[in-house]
Amino acid sequence: MDASEVEFLAEKEQVTVIPNFSLDKVYLIGGDLGPFNPGLPVEVPLWLAINLKQRQKCRIVPPQWMDVDKLEAIKDQERREDTFTPMPSPYYMELTKLLLNHAADNIPKADEIRTLVKDTWDTRIAKLRLSADSFVKGQEAHAKLDNLTLMEINTIGTFFTESLNHMYKLRTSLQTPEEGQSQDY
């Protein structure tokens, strides 16, 4: 899975919009949406919210966690803890990127939010790299990946699997021949 596929999955997350148009309930395969009434908040998938915003048909309400004070607390907690802390959304990075790229005018203190989320991401990726390094050096057999998001796993996945493959090849090439084989010349 690559980053674009993870972003595609993130676009299914529900966000609140305040439409400036009227429309009865829309029936889609993924579920019913609406009704849409001017000024009344409605929950829609992110992909639809972005589409409506691009057509100037709504205002996007940022998620509750997309607040400077809450993100400061999350960043500080992540830096204090040795383990990965739970994130406010399994797609926090993708949601932030998409919302700030398409609806920054609807999000108060957008630049500060972008910086806080990036700082949290950097802290988590640094922790992930240290964990992967100690995992490989310790020749561990399994790892516990609690509270990691799909994008974080995706970021380290290729490196990690390649590292484990190289370690396996090195170990198998250094093993002594089995006792059943003859060493006579």
Side-chain angles (χ1 to χ4, degrees), residues 1-17 28-31 43-54 60-138 140-167:
M1 182 176 292
D2 64 7
S4 63
E5 291 170 315
V6 177
E7 189 174 291
F8 175 78
L9 294 173
E11 288 176 349
K12 295 179 185 177
E13 288 289 297
Q14 296 287 309
V15 295
T16 303
V17 297
L28 301 175
I29 292 173
E43 294 277 318
V44 298
L46 181 60
W47 64 265
L48 180 60
I50 290 170
N51 182 282
L52 292 172
K53 175 67 178 167
Q54 288 172 335
I60 298 176
V61 178
Q64 293 288 324
W65 57 265
M66 201 173 277
D67 173 72
V68 172
D69 294 333
K70 290 178 182 173
L71 289 171
E72 276 284 353
I74 289 168
K75 180 184 84 165
D76 292 342
Q77 181 183 7
E78 191 64 46
R79 287 188 174 166
R80 279 193 310 269
E81 300 286 329
D82 291 334
T83 59
F84 294 97
T85 58
M87 288 290 97
S89 166
Y91 300 105
Y92 77 98
M93 189 66 179
E94 301 89 301
L95 288 174
T96 302
K97 178 183 165 238
L98 289 166
L99 287 173
L100 292 178
N101 284 348
H102 298 284
D105 57 325
N106 294 157
I107 300 171
K109 301 180 181 178
D111 289 333
E112 287 180 60
I113 288 171
R114 186 184 317 268
T115 302
L116 288 168
V117 169
K118 179 72 168 108
D119 289 348
T120 303
W121 170 265
D122 290 343
T123 301
R124 290 175 67 85
I125 293 300
K127 267 190 206 181
L128 192 53
R129 287 189 178 140
L130 285 173
S131 297
D133 185 49
S134 65
F135 179 83
V136 171
K137 283 182 181 174
E140 301 294 332
H142 67 280
K144 192 173 184 180
L145 301 175
D146 289 342
N147 300 320
L148 286 179
T149 66
L150 193 53
M151 186 64 85
E152 292 163 346
I153 293 170
N154 186 53
T155 301
I156 198 81
T158 305
F159 163 76
F160 201 55
T161 53
E162 289 296 318
S163 298
L164 292 175
N165 283 337
H166 287 298
M167 292 297 291

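The model shown is predicted, which means the values in this text are computed figures rather than measured ones. Note that the numbering runs from 1 along the sequence shown for the chain.
A donor-acceptor contact shorter than 3.5 Å is absent between the side chain of Asn154 and the backbone of Leu150. Glu5 contributes a side-chain N or O that, together with a main-chain N or O of Asp2, makes up a donor-acceptor pair within less than 3.5 Å.
Looking at Leu46 and Leu95, their side chains come closer than 4.5 Å, going by heavy atoms from C-beta outward. Contact of the Pro45 side chain with the Gln14 side chain is registered, since non-hydrogen atoms from C-beta on lie closer than 4.5 Å. For the pair Glu152/Met93, no side-chain contact is recorded, criterion being any heavy-atom separation below 4.5 Å from C-beta on. No side-chain heavy atom of Met151 sits under 4.5 Å from any side-chain heavy atom of Tyr92. Considering only heavy atoms from C-beta on, Glu13 comes within 4.5 Å of Ser89 through its side chain. Taking 4.5 Å as the limit, every side-chain heavy atom of Tyr91 sits out of range of all side-chain heavy atoms of Thr149. Residues Ile113 and Pro62 are not in side-chain contact: their nearest non-hydrogen atoms beyond the backbone lie 4.5 Å or more apart.
The distance from the CG atom of Leu98 to the NZ atom of Lys53 is 14.5 Å, given to the nearest 0.5 Å. In this structure, Ile74 CD1 and Asp69 CG are separated by 11.0 Å, a value rounded to the nearest 0.5 Å. Note that the CZ atom of Arg80 and the CD atom of Gln77 stand 6.0 Å from one another [nearest 0.5 Å]. The distance from the CG atom of Asp133 to the CG atom of Leu128 is 11.5 Å, given to the nearest 0.5 Å. Distance check, rounded to the nearest 0.5 Å: CG of Asp76 to CG of Leu116 gives 9.0 Å. If you take CD1 on Ile125 and OG1 on Thr155, they are separated by 4.5 Å, rounding to the nearest 0.5 Å.
Listed here is the closest heavy atom pair of Gln54 and His102: NE2-ND1, 3.3 Å. Here the closest heavy-atom approach between residue Asp146 and residue Phe84 is recorded as O-CB, 3.6 Å. Considering all non-hydrogen atoms of both residues, Thr85 and Arg124 come closest at O-NH1, 2.9 Å. Between Ala49 and Val17, the closest heavy-atom pair is CB-CG1, 3.5 Å.
The residues Glu78 and Lys127 are annotated as salt-bridged, a charged nitrogen and a carboxylate oxygen being separated by less than 4.0 angstrom. The pair Lys118-Asp122 meets the salt-bridge criterion, since a charged nitrogen lies less than 4.0 angstrom from a carboxylate oxygen.
Asp105 CG: more than 12 foreign heavy atoms inside a 6.0 Å radius.
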Exercise. Could you please spell out the steps behind the side chain to side chain contact (heavy atoms under 4.5 Å, CB included) verdict for Ile107 and Leu100?
Key: CA-CA 8 Å; Ile107 300 171; Leu100 292 178; 3.7 Å; yes
Point to revise | Audit row: Lys97, Val117, side chain to side chain contact (heavy atoms under 4.5 Å, CB included) steps and yes/no | key: CA-CA 9 Å; Lys97 178 183 165 238; Val117 169; over 6 Å; no
